[in-house]
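Everything on this sheet refers to the single structure shown next.
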Amino acid sequence: MRVFALVGALVAGTVLAGATTAAAAEDGGKVFPAPVGATPPVKWGIPCPAGTLSGVPADKLKEYSCGSYRMPIDHDNKYLGTIDIGLLKHSANTPDKKIGSLFLNPGGPGGAGRRMAISGTRFLQPSVVDKFDLIGFDPRGVGISNPLKCFTTQEDADEVFGAQIAVPISRAEISGTLAAYRDYGQFCKNNAGALLNHMSTKDVVRDLDVLRAAVGDQKLTYVGFSYGTLIGSTYAAMFPKQSRAIVIDGNVDPQLRTSDGVQYDRERATGFEIALDGFLKRCQQVGTNCAFSSGQPRAKFDELRTYLRSKPLTAPDGKPYTINNFTGDISGALYDPGAFSGLAADLQYYYNAAFPPAGAQTQSLAGANLKVLNGSGSGRQDGRGDSPYTGDDSYFGVNCLDKQFKGVKQDSVPAIAAKWEQESPTFGRYQAFSDTAGCPVWPAKKPDVYRGPWRAETDTPVLVIGNYYDPATQYKFAQRMTKQLGNARLLTVDAFGHCILGDALGVDKATAEYLVDLKVPAAGQVFQPNVQPFGTAAAAASADKR
């Protein structure tokens, strides 16, 4: 899957560290003031955790500094305890011309963001890297920032996650998966502690406003990707007068996500289907440049999916390759158009194995060098070591607070999955048995969540970036984000893949001018990516089809 080493630049007006934070945030009529008084500065220069600066050339190490900031678990109840937020800073290349700090978030939820201070130097335009300190941070409950942990041992985690089937079909698979989510919730209730109820995006945004003041900036400059767009839009809505320049790429629909989690996940499934259909149509258009183009790619794909739904194939490593592996791998591959050629070749290989050409022997996959469809996309968790538990549970920790699943019970999920599968045959069931199955039994109580209003009265319009064929956050979400914020400018990209900064020069330059000079790009523009799938020339897409 694509690494969102995209660096949107943030710029904040420079003031002395320890400055007083201003203004207050409105939340449904309730006022949430920003921190009052002198905000203690970030502690920079602390020892970096192992691996933080891996890959940074020795002569560049001096440009980076690790930091930490102590934050209350509950901003409204300082007696509940504290957590420590981990940060990494790349200092501006031209400090005498520095504008401020640029905060970066890679998404998730659950994405550890500290190393975005490193990737930002590669994907941001030089003018941004010159004039901003790039600051990556692990949000609360993520990475080194007091990770939210539901398990004490890896063995317990493996048992629970191993029972969660991505695309459960039989009654036994369905009941086992739902039971595993109930077990997951119970482990979290027993082990996660007070942080469990304070993982919402609103909590993260309030942390971010403190960090803004703690680095000495009057206003926030921010770039966020995927889930990070909810952080950026929530900040703009809660703290409009403390927002300098906010770039959000790969956008969620903030109103739908925070008001109706079931419908939001249903539309996420639709987004993946749109991207898949676009991939298959492009494959047919480019002909021999796509290894899966012979015959009818759409029909062949559906045949292969139907085959795997009833029985597995054998993967090159000898293990069964199931509908669960297949759906997860396809989902991941759609994030990265650079993987499309390999995906097409792998699809053709599996198709030949399932449906050997007339007169040919059944094809063996043993020893095949498959690039994409190899089972790597079937799981949600990264932790695979022995005890103690090395992962974190921030994905559900955030989503199950932010999203609302009013009146949804687990016993309704099978019917929801069946309905969604009719609408979205590849990804409907897959989406239903994720948040919609897990969040109704998540143990967090009375979460403090920002659910609007979303209209952002910022001095400078928020910059919203959306790809036509973004699988995880479909283009309509970017359109809705723009409308809901009100004071926002949409940059459209005729591109596949999830998020685009760093991969479309026109967008990169427009974003740099916005971050550095607050120049808002002209409305109505449609940009092209640097490279189209299968190495084809850029072709204008018709927006009326989306």
Side-chain angles (χ1 to χ4, degrees), residues 70-86 108-112 138-166 168 172-204 207 227 261 379-413 433-449:
R70 185 147 293 177
M71 205 75 68
I73 291 176
D74 182 351
H75 284 274
D76 297 318
N77 178 7
K78 305 299 173 62
Y79 298 102
L80 193 61
T82 60
I83 54 177
D84 292 315
I85 304 296
D138 290 353
R140 57 172 52 214
V142 178
I144 67 169
S145 298
N146 289 74
L148 182 75
K149 289 183 179 289
C150 294
F151 302 97
T152 57
T153 70
Q154 189 64 44
E155 290 79 8
D156 285 340
D158 289 343
E159 183 176 354
V160 170
F161 295 142
Q164 294 175 1
I165 297 174
E173 290 176 338
I174 290 171
S175 61
T177 297
L178 295 178
Y181 276 116
R182 293 194 295 272
D183 291 342
Y184 191 13
Q186 190 61 48
F187 272 104
C188 293
K189 182 178 180 180
N190 293 341
N191 299 316
L195 187 58
L196 183 69
N197 293 312
H198 299 280
M199 286 288 293
S200 73
T201 300
K202 178 180 176 181
D203 291 310
V204 176
D207 291 346
Y227 160 72
R380 232 191 261 97
Q381 304 299 321
D382 293 329
R384 290 291 182 269
D386 297 329
S387 52
Y389 180 49
T390 57
D392 72 57
D393 300 283
S394 53
Y395 174 83
F396 278 95
V398 175
N399 275 345
C400 293
L401 266 66
D402 280 353
K403 294 181 176 181
Q404 288 197 98
F405 293 86
K406 293 180 179 178
V408 178
K409 304 295 183 183
Q410 263 206 340
D411 57 12
S412 66
V413 172
F433 279 95
S434 181
D435 296 13
T436 302
C439 287
V441 292
W442 193 253
K445 304 297 181 183
K446 297 181 179 179
D448 187 16
V449 178

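- The structure places CG of Asn146 at 12.5 Å from OG of Ser394, a figure rounded to the nearest 0.5 Å.
- In this structure, the ring of Phe161 has its center less than 6.0 angstrom from the ring center of Phe151.
- Sorted by first then second residue, the salt bridge (charged side-chain N to carboxylate O under 4.0 Å, His left out) pairs that include residues 177-198, not counting sequence neighbours, number zero.
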Item to check | Stepwise side-chain contact (heavy atoms from CB on, under 4.5 Å) test for Asp393 and Phe187 | outcome: CA-CA 11 Å; Asp393 300 283; Phe187 272 104; over 6 Å; no
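- For the pair Tyr79/Asp74, no side-chain contact is recorded, criterion being any heavy-atom separation below 4.5 Å from C-beta on.
- When all heavy atoms of Cys439 and Phe405 are compared, the closest pair comes out as CB-CE1, 3.4 Å.
- Of the possible polar contacts, none joining the Thr436 side chain to the Phe433 backbone as a donor-acceptor pair under 3.5 Å is found.
- Of all heavy-atom pairs spanning Cys400 and Gly438, the tightest one is SG-C, 4.5 Å.
- Lys202 has its side chain out of reach of Val449: every pair of non-hydrogen atoms, C-beta onward, lies at least 4.5 Å apart.
- For the pair Leu148 and Ala192, the tightest heavy-atom approach, listed with the atom from each and the gap, is CD1-CB, 3.8 Å.
- Across Gly86 and Ile144, no two heavy atoms sit closer than the pair CA-CD1, 3.8 Å.
- Note: Trp442 and Tyr184 meet the aromatic proximity criterion, with ring centroids under 6.0 Å apart.
- Taking Asp207 as the reference, Arg140 meet the salt bridge (Lys or Arg N to Asp or Glu O under 4.0 Å) condition, with sequence neighbours excluded.
- Counting heavy atoms from C-beta on, the side chains of Asp448 and Asp76 come closer than 4.5 Å.
- In this structure, CD on Glu159 lies 11.5 Å from CD on Gln164, to the nearest 0.5 angstrom.
- For Lys149, the side-chain hydrogen bond (donor to acceptor under 3.5 Å, both in side chains) test picks out no residue, with sequence neighbours left out.
- Contact of the Pro147 side chain with the Tyr389 side chain is not registered, since no non-hydrogen atoms from C-beta on lie closer than 4.5 Å.
- Separation of atoms CG (Leu196) and SG (Cys150) is listed at 6.5 Å; rounding is to 0.5 Å.
- Here Thr82 contributes atom OG1 and Ile73 contributes atom CD1; the two are 6.5 Å apart, rounded to the nearest 0.5 Å.
- Taken from OG in Ser434 to OH in Tyr395, the straight-line distance is 4.0 Å, to the nearest 0.5 Å.
- Under the rule for a salt bridge (Lys or Arg N to Asp or Glu O under 4.0 Å), Asp203 has no partner lying at least two apart in sequence or in another chain.
- Residue pairs that meet the salt bridge (charged side-chain N to carboxylate O under 4.0 Å, His left out) test with at least one member in residues 396-405, sequence neighbours left out, are Asp265-Lys403, Lys403-Asp435.
- Smallest separation of non-hydrogen atoms from Asp392 and Gly143: OD2-N, 3.7 Å.
- In this structure, the salt bridge (Lys or Arg N to Asp or Glu O under 4.0 Å) partners of Asp84, at least two apart in sequence or on a different chain, are Arg70.
- Residue Val441 is tested with Gln186, Gln410, Lys409 for a side-chain contact (heavy atoms from CB on, under 4.5 Å); the sole match is Gln410.
- Among Val204, Leu80, Leu401, the one residue that satisfies the side-chain contact (heavy atoms from CB on, under 4.5 Å) test with His198 is Leu80.
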